[in-house]
**Student:** 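Below is one structure. I have some questions about it.
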2 protein chains.
Amino acid sequence: MVERVVPEGSRQRRRPTKQGAVLSERLIVETALRLVEQHGAAALSVRRLGAALGADPTALYRYFRNTDALLLALADELIGRAQEGWTATGDWRADLRAIGLRLHARYQAHPQAALLAAHRTTGRTHETRVVERILAVLRTAGFPDDLAVRIYHAFVDQALAFAAQDAAALALPPAAREKEAEVWHEVYGRLPPGTHPHIAATFPLLAADMRDSGYPFALELLLAAAATLHPRAQAAPVGE
Amino acid sequence: MVERVVPEGSRQRRRPTKQGAVLSERLIVETALRLVEQHGAAALSVRRLGAALGADPTALYRYFRNTDALLLALADELIGRAQEGWTATGDWRADLRAIGLRLHARYQAHPQAALLAAHRTTGRTHETRVVERILAVLRTAGFPDDLAVRIYHAFVDQALAFAAQDAAALALPPAAREKEAEVWHEVYGRLPPGTHPHIAATFPLLAADMRDSGYPFALELLLAAAATLHPRAQAAPVGE
DNA sequence: TATGCACGTCAATGGTGTTGACGTAAGGTC
DNA sequence: GACCTTACGTCAACACCATTGACGTGCATA
């Protein structure tokens with residue numbers, strides 16, 4: 001196979017497409033993100049991306065080895081953006097809450113890329129920086145090392161797992177997404193008290209609660225339980 | 001459009017395919033599950049499934065409206081298998097722990113299918129039964145309805161999110177999995193204390209802890225925090 | 001034994017990612 | 001300004017994919 005991808009650094013000959021666009025790795029990543037944002041995950045295909053760029057679809061392969069490489073580039077971009085503007089306050093619980101919610105929110109903005117990114121360890125600079133920051137928050141707060149590590153692990157995995165989980169719902173084709181919402185009302189709303197008494201009794205509450213992500217509350221529970229494990233634990237109820 | 005799917009209950013005329021197979025919803029689900037397990041999630045296509053069944057690929061559409069409906073059936077099958085043999089003990093915390101760990105374990109046994117299925121709401125019988133059971137555990141334990149619903153939501157989403165997260169790691173091709181573990185040691189094990197002091201200080205602990213899933217500990221934290229929200233809350237430390 | 005229709009089959013449609021060949025025009029050199 | 005070299009945009013083609021409508025066989029029922 002001919003090596004068709006030239007590393008971004010050594011690119012020199014930029015040549016406009018028939019429609020006048022001048023391609024670059026950066027332009028492609030930004031266009032792809034915009035495409036996903038505006039028209040949903042399903043809109044991201046090589047042909048549509050080519051159309052959006054104003055270029056032949058296969059021009060993409062001069063910049064990325066395949067679509068997976070493109071999606072990893074998107075993912076890297078996301079991780080970077082999630083940390084922009086964040087600074088520690090010194091309150092470990094508020095800091096972890098902010099980091100968790102930011103990561104979650106940023107991933108939700110690009111569900112398709114999030115689905116791929118959340119399950120992978122990249123070892124790239126953005127990722128190591130977040131890890132360092134979380135450990136810093138926990139150790140500075142006075143958690144002993146072994147406990148800090150365990151809490152870090154649960155916290156990070158939970159943030160990424162929920163990010164992927166909620167992204168998956170957003171990344172669903174519109175038809176399937178509508179169907180799922182419908183399933184909740186049609187199926188769960190009509191289960192008879194005889195066979196499913198607890199669902200029947202709480203259905204309105206259920207329907208209301210399931211509309212939003214379970215992550216914020218799960219995060220609060222994790223933080224509250226972690227607080228009770230602190231060597232100088234004080235009364236620190238959920239949500240504090 | 002002609003309605004082509006006949007509900008499983010009212011099926012009567014079974015007719016062997018050219019290759020002699022007698023199709024059924026159950027056979028299709030089991031074959032699909034086997035296909036995904038043996039050859040990965042990418043192997044699940046209508047054509048390949050037809051070949052594995054010994055039938056014309058489009059015969060599938062006599063049993064499922066589309067591939068998404070099949071996927072939901074797979075998901076529900078996994079949920080069902082996770083519950084086989086479970087019974088309530090009356091100790092809400094032990095019961096939820098058991099349900100969570102069972103779900104997680106069952107999905108890990110079928111990583112490829114778990115990846116596809118863990119994000120979906122099926123509305124099928126196995127799913128509604130778990131939902132009913134979890135709500136029963138919480139309400140019987142004395143949690144008020146609104147709290148029971150919120151805890152249920154966080155608990156279920158956490159279990160499924162972690163199931164998908166950990167399944168993703170298992171589902172990677174062995175080569176890629178080894179490579180990722182290697183990258184982790186190479187990158188995180190060599191970060192200089194100057195730029196990443198907290199990672200450098202805790203690396204041995206980190207490396208040991210990250211080998212296993214973060215779910216069991218995250219689940220304990222959730223249960224411990226939920227216990228403090230109980231109207232008759234007693235001292236109930238993590239892991240009790 | 002007769003009959004209606006369930007369902008397995010086939011052909012076709014319009015999508016997808018990806019590859020190899022080709023030629024044009026851009027950059028460097030003189 | 002002329003000449004090479006080659007990067008890279010384009011094109012055609014391939015092998016898949018899910019899904020559809022039409023068709024007729026042969027089964028279950030009456």
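In what follows, every chain begins at residue 1, and chains take the letters A, B, ... in the order their sequences are listed. The figures here come from the full heavy-atom set of this structure, side chains too, leaving out hydrogens, waters and symmetry mates.
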**Student:** Going by an N to O cut-off under 4.0 Å, is there a salt bridge joining A:Glu186 and A:Arg190?
**Tutor:**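 Salt bridge flag = yes for A:Arg190 with A:Glu186.
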**Student:** Grab the CZ-C1' distance between A:Arg62 and D:dC11 for me, whole Å please.
**Tutor:**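 Distance check: A:Arg62 CZ to D:dC11 C1' gives 12 Å.
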**Student:** To the nearest angstrom, how far is A:Leu49 atom CG from D:dT10 atom P?
**Tutor:**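 From A:Leu49 CG to D:dT10 P: 13 Å.
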**Student:** Just the rounded figure in Å: distance from C1' of C:dG15 to CZ of A:Arg48.
**Tutor:**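 Spelled out: CZ on A:Arg48 to C1' on C:dG15 is 9 Å.
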**Student:** Ignoring hydrogens and geometry beyond distance, is the side chain of A:Arg47 in donor-acceptor contact with the base of C:dG17 at under 3.5 Å?
**Tutor:**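 When only heavy-atom distances are counted, A:Arg47 does reach the base of C:dG17 through a donor-acceptor pair under 3.5 Å.
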**Student:** Rounded to the Å, how far apart are A:Phe64 CZ and C:dT18 C1'?
**Tutor:**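 For the pair A:Phe64 CZ and C:dT18 C1', the rounded distance is 16 Å.
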**Student:** Salt bridge (Lys or Arg N to Asp or Glu O under 4.0 Å) for B:Asp68 and B:Arg120? Distances and angles first, verdict last.
**Tutor:** CA-CA 10 Å; B:Asp68 196 64; B:Arg120 308 300 307 275; 2.7 Å; yes
**Student:** Contact class for A:Ala55 vs. all strands (heavy atom < 4.0 Å): base, sugar-phosphate, or nothing?
**Tutor:**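 Result for A:Ala55 = sugar-phosphate.
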**Student:** Calculate the interatomic distance between A:Asn66 atom CG and C:dT19 atom P; express it in whole Å.
**Tutor:**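 In whole Å, C:dT19 P lies 8 Å from A:Asn66 CG.
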**Student:** Expressed in angstrom and rounded to an integer, what is the separation of B:Asp56 atom CG from C:dA6 atom C1'?
**Tutor:**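 My rounded result for the distance is 15 Å.
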**Student:** Mind telling me whether B:Trp184 and B:Phe203 have parallel, tilted or perpendicular rings, with 30° and 60° as the class edges?
**Tutor:**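 Parallel, since the angle between the ring planes stays under 30°.
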**Student:** Can a side-chain donor-acceptor contact be found between B:Tyr188 and A:Glu132 if the only test is distance below 3.5 angstrom?
**Tutor:**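 Their side chains do not contain a donor-acceptor pair, so the 3.5 Å distance test is not met.
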**Student:** Report yes or no: do B:Gln83 and B:Arg133 form a side-chain donor-acceptor pair below 3.5 Å?
**Tutor:**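 Per modelled atom types, B:Gln83 and B:Arg133 side chains form a pair under 3.5 Å.
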**Student:** I'd like to know if A:Thr17 reaches the base of D:dC8 with its side chain, counting only an N/O donor and acceptor under 3.5 Å.
**Tutor:**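 Checked by distance alone, the answer is no.
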**Student:** Where the side chain of A:Thr58 is defined as all heavy atoms beyond and including C-beta, which of D:dT20, D:dG9, D:dC11 is the nearest nucleotide?
**Tutor:**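 So the side chain of A:Thr58 is nearest to D:dC11.
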**Student:** Quick check: on DNA chain D, is the nucleotide nearest A:Lys18 upstream (toward 5') of the one nearest B:Ala42, or the reverse? Name the residue that is more 5'.
**Tutor:**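 The residue whose closest nucleotide sits nearer the 5' end is A:Lys18.
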**Student:** Can you tell me the distance, in whole Å, between the CG atom of A:Leu27 and the C1' atom of D:dC8?
**Tutor:**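 So the two atoms are 15 Å apart, to the nearest Å.
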**Student:** Starting from P on C:dA11, measure out to OH on B:Tyr61 and report it in whole angstrom.
**Tutor:**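 Interatomic distance, OH of B:Tyr61 to P of C:dA11: 18 Å.
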**Student:** With nearest nucleotides of DNA chain C determined for B:Gln19 and A:Val46 from heavy-atom distances, which residue corresponds to the more 5′ nucleotide?
**Tutor:**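 That would be B:Gln19.
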**Student:** At less than 3.5 Å, do the side-chain atoms of B:Ser45 and the base atoms of D:dC16 form a donor-acceptor pair?
**Tutor:**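 Not at all, since no donor on one side and acceptor on the other fall under 3.5 Å apart.
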